[in-house]
Every structure is written in structure tokens, then in C-alpha cells.
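Notes for the one structure printed next.
Every chain is numbered from 1 and lettered A, B, ... according to where its sequence line falls, protein lines coming before strand lines.
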2 protein chains.
Amino acid sequence: MPLPEPVPDLVSLDLLDSVIRLGSIRRAAAAHGISQPAASMRLRSLERVLGLDLLDRSSGRARPTLAGEAVTEWGRQVLDATRDLMVGAEALRHQGRTQVRIAASMTVAEYLVPGWLQRMAASTPDVAVSLQMGNSEQVAESVAAGANDLGFVEGRTAPAGLESLVVLEDELVLVVAPSHPWARRRRPITAAELARTPIVVRERGSGTREVLEAALGPLGLAVTVGVELGSTTAIKTAIEAGAGPSVLSTLAVGTDAAEGRLVPVAVAGLSFDRDIRAVWMPDRRLPEAAREFLAIAEGTTPGAPVFSRRGPRRPGGAPEGPGRPPGR
Amino acid sequence: MPLPEPVPDLVSLDLLDSVIRLGSIRRAAAAHGISQPAASMRLRSLERVLGLDLLDRSSGRARPTLAGEAVTEWGRQVLDATRDLMVGAEALRHQGRTQVRIAASMTVAEYLVPGWLQRMAASTPDVAVSLQMGNSEQVAESVAAGANDLGFVEGRTAPAGLESLVVLEDELVLVVAPSHPWARRRRPITAAELARTPIVVRERGSGTREVLEAALGPLGLAVTVGVELGSTTAIKTAIEAGAGPSVLSTLAVGTDAAEGRLVPVAVAGLSFDRDIRAVWMPDRRLPEAAREFLAIAEGTTPGAPVFSRRGPRRPGGAPEGPGRPPGR
DNA sequence: CCACAGCGATAGGATTTCCTTATGCCCCTG
DNA sequence: CAGGGGCATAAGGAAATCCTATCGCTGTGG
């Protein structure tokens, strides 16, 4: 389902953000390297596309209206995601001689690496980071072969022969489309029910299927494979289209669950936990820049919880990690 | 700081997403209502802008490369944020005769309403929702006057004369720029330290300042106002520019903290909690569509925690809500 | 009370971008 | 080996965008 036309322009949203930051259209135009009339026209065009008055120009300087404030903040979200995309693309482009060479599994590369790259760029802007992707085995191999300084893999156990550190705990969740019968169930699905239901899985030997089988195996159950698809995006699309349940990383379902496109379903008696580990060569001392990147990755905030609250109150306060207690 | 040129195009990212979903450039072009050569050129242009090969066209149908999968997923994040913006803009546009009239405070409107609107659109596509913004008093007034069916306000107490329901608990956090000395502190800031430090605050009577004063008041302390600014975006910009600490909703600092632009700082002995409440007229029965919207808002997943973990492990499993236990 | 300075809107003209139709080449399949 | 689906290329035209120059308005300082 394509985005409904007309679509606001990224450059215009960026320009609007600059106007709010700098307080005038003229300054924003200068910051973007375009003339003031061009900026003025872009903003007017944005207002026309959205059908809203965003700026109050009546008092000399341009001040945001209420709608303008809201659109600016929403636009900031769009621009942040765009920055993620661009730093990710840049890291992918630098597949070669750079100062830090990172390898990551698809899930880590798609959902965690862009944020790390942004923090890295903020703390040490002069260090170029390259990113290579592959499944956990390929990542481990490339690190062992010295092709990359640092690798990030997911799984239940640490790869042999490499130094490793758990940077985050991930969890797989069973998800279905909102229209699926399981979306309205209150009782958790049983392991037996799950085992006899065809599941949408990734074809490549991604950790997902491995964890699923490792969880069902001890109970004497096996996975019933429905469709095999090649990418997380394709799987999500298939689920939304009603292809059946699937098991995905909480990292991958975060926004989709928050906006109701996918519904997580509880499974009784199964643990889908896995660790996300940084791995590197044991003997060789890590380059300084790689240590910096590792420190950033280690400081990652866990993602938002997937299961919605039912009642109006949270039980035990905010879901904070153990470090840096707010000390109330 | 403007986005570095060249910027990928939203329409092209949308098109790429469709190509991955539908498996061919031709189908994607048809879905977007453009010709196949136009789609082909847009995709090639996107590859040129990003400097990456996204699609493997050698085998008849266009299949994504590894980089293509990653860019598609990153693009999905951008498109999701864009959809948030567009449903928000549409709701703002429909300030008039629609089927559900919502009023919300700025914080709720900026960070929560778009998600609710998306879920609303998914469950009941035919219902148009209008959105009006203002501070908590204005929201309560407009609901009491019957101008809106449902309001969302933030604060420590429920507005008088209206039915209300807590849909989420919010918390304010002290945030500073990464370059600020407090960003590297391990010990929490004391209330006295906070009170004697100039703080960046919003000028309007937004709940933020109120909560801050309510927290300091019982200790015999008062807020030292540094700069007063008109919008959350402006405050964030000021903090990043080194203007000093501020106190913001966790909803507002979520992505900024995750990407390291803002650093939350713990404060000892102060509680910055507040509730986000839905309010409506007590006597009148809520229209069916408004009840639906309320149900969606009530099911909101709490945001990601703001304080980073220090150690490599989380303490007590995933931060899930009480409802729908995963039952492991 | 008036003049100045800063800001934004408008006008006209040139350049660039983007799309459509028509056509050729390649891969896979029967 | 022939057919069909799919993508790339070419050429022409429509549309959007940007620039320079200029005017009108607001707020301020003398």
C-alpha cells in the first residue's frame, strides 16, 4: 500500500525544522544554502500539501502556529529516521579501507546499528565506520579472518574461538495480523498449538528459526513451516496480509506493534530469549575506535516492551534498567 | 544543522518498499500509478544517491541485495514516521464536523496521538477524527463546553467536573547535552543542586513546569528559570546547543536519548511522575467511535526506558506490562 | 513622530527534473 | 527453440524549482 499522495518533501520538513530552530525563514534559507524566496516557496508549498497553516508570518519574524509545532516535531521523527538511513547507507558504502570495520547480522544491522553510528558520529566525527551484513556464521567468520574488527551476532551461545560480550538481550515474539483469531485470545497459545500451526519463517539460516527449534525441541515438538521468505520486511508484509503467524525479534516488531499492524501473542512455557553479542579476535587488541564503538553498543537502551498493558496503571514504576537509578 | 545533501526521496523509498513487497518493479510501478520506466529510473536514482546497489536485476525479477534489505527496512521507519505526520496533519485539518473530535495537550498530540490515529484508521477506516491542541486547561474547557468529545491532558490530578481515566503514566526527566558536565556524573543530582541551576523551561503554562515546582516545593526549594522557550523542539535545540539542563517528558526525549543527542540525568529524591488522562463529559454517553478511540489509547504501550543499562544484562527479564503475560 | 533596518512576499526568466510512450535486450519457461 | 514477462534505454515534452531583483510590512531607535 503506497503512501497516499501528495507526500510532504523531506527537504521541506528539514527546512521547517531549521525555521523553528533559527527563528526566521531567512536564516533557515542561509543554513540550507538556498535563497530566501526559494525557502519561502518551499514552506508555502508544504503548507499547501498538508492543508495547514504552519507559520505565523504576521509579526515580522516567522513563528510557528500550534499546528506548526506539532508538524515540526512529527517531521523531526521523520528526519531522525532519515538520518538513520543515511548513516547506515554511508557505512555500507565504506566497504573497504576505513578505520572501524563492523560486521553485523541483519537484525542488528537493521535495527541497532544506525543508532550506534549516530552516537559514534556525535562522539568521534572523524572516524569512518564500515558495515558489512550477513548471518551470524558469516559475521563470525569475517571477524575470525580479520576482515572486520568487530562483529555483532545473535544467538543463545557465544561463537567459539572469539572474545565476546553480551550487549543486549533480545527476545523473539509470536506475532499475527490484527485480523487473526489469535489476536483476540486472552489465554496464551500452548507450545503444542504453536507446533502444529504453519509458521512464516526466513529461509536463510537466520537465528530466528534456530531459536524457535531450540525452544520446541526439548518438548518433543517441531516447527511446522508454512512459507519461507527472504527478508524481515517480506515476512511482516506476509503476516499483515494474513499469511499466518510468525516469530520475529522484538526489535523488528517494535513500531509495527505500537501502531497496531502486528499483534504479539503470548506463548505458554516457551522461552524465546537470545543474546546479542559483540565478538572480536581474542589475541589482537582492539583498535581504539573499535573500543569506542563497542562502548556505545554496550550502552544501548533496551527497546520498548511489546505486550500492551490492559489496565490503566503500570505495576512497578517506569521500566528502567538497573544502572543509573532515578533514585526517587 | 540541515540534513546533508543529497537526500533520498520519500516517494522513492516508498517505491522501493513496494518493490520488495510485490517482488517486481513493474507491479510496484502499477501500484503507484506510474509507468514502469519512471519507477525504474527512480530506483536507479535512489541507488545513485545512496551509492549502493539495492536490487539485483540479473535474474529476471528484481530481488533485493543485502544492502537493499537493510535500506528497505530503514526506509520503512522513515515511511512510518511520515504516515504519523500525515494522519496527524489530516486530523488537524478536520477541525470541524467529523465523527470523533479529540483535544489533546501538546505533548500527547505530538508523541501519542499519531500512533492512536493509525490504529484507529486500521480498525475503523471510515471514521474521521479531528484533533485540536492546547494546554491542559484549554483541553478540559473545550471538552466541558462540548466542543470536543474526548480530551487528553497531563498532570498530577484529574480535572474537576469531568469523567477521566488514566491511560498512561508519564515521567519527566532531567536532560542535558552530552557535552554537559552532568552527563558524565555517576551520582544523582541532588534536589538542591537542581534548584540552584538555571533550567530551560517552556513559557506557556505547560504541565512540565507545574510538575517541577510541585516536586521541589515540599522540600522548600524553587525552580531557577534560565531561558523560556515556546516549543519542545526549541527546548531540545537549546539543550543540544549547550543552553543548560531542562526537564522534559520521557515521551519527548525517547529518540533523542536513544541516539545520544540528549542525556538523561538522575535526580535524587524527586518524583516527576504525572498521569496522562482521557477526559470526557460525565453525563453524556460517549459516542461509539469515541469509545473505540479511548480503547485504543488505553492500550498504549509504555515508551522505552530512558536510562541506559550499565551492565551487559538486564535484571528481571523483558520489561513487559502486566496484561498478557508471555507466560514463560 | 519619523526614519531605518530586518524580514517576508511577489515577479519574471532560465535551468533542471521528471514523466510518458516507444522500443530493444535478456532471462526463464514450456 | 520459440514465447512471454520484465527491465533498461531513448527522445520529447510538461512541470517544478531556483535565482535575482524589487516591493510592502513590522518593529525599533532617535
Between R76(B) and D80(B), does any side-chain N to carboxylate O distance fall below 4.0 Å?
no
Report the distance from atom CD of E47(B) to atom P of dC7(D), rounded to the nearest whole Å.
13 Å
Is the closest basic N to carboxylate O distance between R63(B) and D56(B) below 4.0 Å?
no
Distance check needed: dA9(C) C1' versus R44(A) CZ, whole Å only.
7 Å
I need the NE2-P distance between H32(A) and dC18(D), as an integer number of Å.
12 Å
Side-chain (W74(B)) to main-chain (E110(A)) donor-acceptor, under 3.5 angstrom
yes
Is there a donor and acceptor pair, one atom on the side chain of R61(B) and one on the base of dG6(D), closer than 3.5 Å?
no
Atom CG of L43(A) to atom C1' of dC18(D): distance rounded to whole Å?
14 Å
N/O (side chain, R27(B)) to phosphate O (OP1/OP2, dG6(D)) under 4.0 Å:
yes
Looking only at non-hydrogen atoms, find the nearest pair between P8(A) and L10(B) and report the distance.
O-CD1, 3.2 Å
Quickly work out the I25(B) CD1 to dC7(D) P distance and round it to whole Å.
5 Å
With a 4.0 Å cut-off on N to O distance, would you call K236(B) and E73(A) a salt bridge?
yes
Separation of atom CG in L46(A) from atom C1' in dT17(D), rounded to whole Å
15 Å
Rounded distance in Å - CG (D56(B)) to P (dC28(C)):
10 Å
Does a side chain donor of either N148(B) or Q132(B) reach within less than 3.5 Å of an acceptor in the other side chain?
yes
Using whole Å, report how far CG of L16(B) lies from P of dC7(D).
13 Å
Please confirm whether the shortest side-chain N or O distance from S24(A) to OP1 or OP2 of dG8(C) is below 4.0 Å.
yes
Looking only at side-chain N and O atoms, does R57(A) come under 4.0 Å of OP1 or OP2 in dA9(C)?
yes
List the protein contact pattern of nucleotides 11-21 of chain C with one symbol per nucleotide (5' to 3'): B for base contact, S for sugar-phosphate-only contact, - for none; contact means a heavy-atom distance under 4.0 Å.
-------SSBB
Around atom CD of E137(A), are there more than 12 heavy atoms of other residues, nucleotides or ligands at under 6.0 Å?
no
